[in-house]
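Any value given below was found using the heavy atoms of this structure, including those in side chains, with hydrogens, waters and symmetry copies removed. Being a predicted model, the structure only gives us computed values, none of them experimental. We count residues from 1, following the sequence as given.
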Amino acid sequence: MTGIEKIVEKIRQESLEKCNAIIAEAKDNGNEIVLASKMKAAKEAEIIIENGKKEAARKEASAKSAAETISKTRYLEVKNAIVNDIIAAAYERIENLEPAQYFELLLALCEKNVESGEGVMYLSKRDLERVPENFEESVNSLVYEKGAVRLSKKPMEIENGFVLVYGDMEVNCTLRAIFDEKHDLLRDALCKELFTD
């Protein structure tokens, strides 16, 4: 082998060694990069999974809260409907009492609501047609200490009950007025009776 060939061979050998060293270093660096990337990806995946769990828990709690709110609202709606139905049924039942019982109720209402002085009691057309014969006397025997009540022969445009008139003052004793006035008390009493454990 000539001198030039030896030099070329030596350069080639040195180059090959340098290339192999660079390749080995690149492999080591590549392995480190891959390992670092894998570790970084694993940490990021862990964070994503943890955030996903937190979001899922938040959404579950929110859905549960919304379901509870809907359930409570529906319960209150049903409760209100039941109470309203009972109040309406009580109103209808009183309105449709047998005449003897109905007019006994009117007497009791009159006794509680009569004012001092001379008053006029107005009934509905229906009630005026079925009023007991001695009703006016029965009223006055109950209220004589406060005054007197005359039963009007003219009906008033009311459904039931009566209206007492003392000059410019009216005392509304229709069932609707009484039920409206006592509505909250009735509702509270029914709720306590029906829905308290």
Answer with yes or no whether the hydrophobic clustering places [X] together with [Y]; edges join I, L, V, M, F, W, Y residues whose side-chain heavy atoms lie under 4.5 Å apart.
{"X": "Val165", "Y": "Val171", "result": "no"}
{"X": "Ile86", "Y": "Tyr75", "result": "yes"}
{"X": "Leu109", "Y": "Met169", "result": "yes"}
{"X": "Leu97", "Y": "Ile158", "result": "no"}
{"X": "Phe103", "Y": "Val163", "result": "no"}

Flag, side chain of Ser65 to backbone of Ala61, donor-acceptor distance under 3.5 Å: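 Here the side-chain-to-backbone pair does not exist.
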Given 3.5 Å as the limit, does a donor-acceptor pair link the side chain of Tyr166 with the main chain of Gly117, or not? no
Do Asn140 and Arg150 have a side chain donor and acceptor closer than 3.5 Å? no
Taking atom types as modelled, is there a side-chain donor on Asn160 or Arg126 under 3.5 Å from an acceptor on the other?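 There is no such pair between these side chains.
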Spatial distance of atom [atom1] ([X]) from atom [atom2] ([Y]) [nearest 0.5 Å]:
{"X": "Asp188", "Y": "Lys182", "atom1": "CG", "atom2": "NZ", "answer": "12.5 Å"}
{"X": "Asn172", "Y": "Asn113", "atom1": "CG", "atom2": "CG", "answer": "9.5 Å"}
{"X": "Glu111", "Y": "Lys146", "atom1": "CD", "atom2": "NZ", "answer": "9.5 Å"}
{"X": "Asp127", "Y": "Phe135", "atom1": "CG", "atom2": "CZ", "answer": "9.0 Å"}
{"X": "Glu159", "Y": "Thr174", "atom1": "CD", "atom2": "OG1", "answer": "7.5 Å"}
{"X": "Tyr91", "Y": "Asn84", "atom1": "OH", "atom2": "CG", "answer": "15.0 Å"}

One pair to check against side-chain contact (heavy atoms from CB on, under 4.5 Å): Ile94 and Leu105. What are the steps and the verdict? CA-CA 9 Å; Ile94 292 171; Leu105 174 68; 3.3 Å; yes
Salt bridge (Lys or Arg N to Asp or Glu O under 4.0 Å) between Lys64 and Glu60, intermediate numbers included: CA-CA 6 Å; Lys64 186 177 179 181; Glu60 181 182 2; over 6 Å; no
If you count the non-hydrogen atoms of other residues, nucleotides and ligands that lie under 6.0 Å from CD in Glu55, is the total more than 12? yes
Might you confirm whether atom CD of Glu92 has over 12 heavy atoms from other residues, nucleotides or ligands at distances under 6.0 Å? no
Show the numbers, then the answer: is there a side-chain contact (heavy atoms from CB on, under 4.5 Å) between Phe162 and Met156? CA-CA 8 Å; Phe162 58 88; Met156 187 178 261; over 6 Å; no
Minimum heavy-atom distance [X]-[Y], with the two atoms named:
{"X": "Arg187", "Y": "Val83", "value": "NH1-CG1, 3.7 Å"}
{"X": "Met121", "Y": "Val149", "value": "CB-CG1, 3.7 Å"}
{"X": "Ser124", "Y": "Pro155", "value": "C-CB, 4.0 Å"}

Start with the C-alpha distance between His183 and Ile87, add both sets of side-chain angles, then the distance that settles side-chain contact (heavy atoms from CB on, under 4.5 Å), and finish with yes or no. CA-CA 8 Å; His183 187 265; Ile87 291 172; 4.0 Å; yes
Residues forming a side chain to side chain contact (heavy atoms under 4.5 Å, CB included) with Ser152, sequence neighbours excluded: Val120, Tyr122, Lys154
One pair to check against salt bridge (Lys or Arg N to Asp or Glu O under 4.0 Å): Arg74 and Glu77. What are the steps and the verdict? CA-CA 5 Å; Arg74 185 67 186 125; Glu77 287 171 358; 3.3 Å; yes
Student check: side-chain heavy atoms of [X] and [Y] closer than 4.5 Å:
{"X": "Glu136", "Y": "Val139", "result": "no"}
{"X": "Leu106", "Y": "Val131", "result": "no"}
{"X": "Leu190", "Y": "Lys79", "result": "no"}

Under-4.0 Å salt bridge between Glu68 and Lys72: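 So Glu68 does not pair with Lys72 through a salt bridge.
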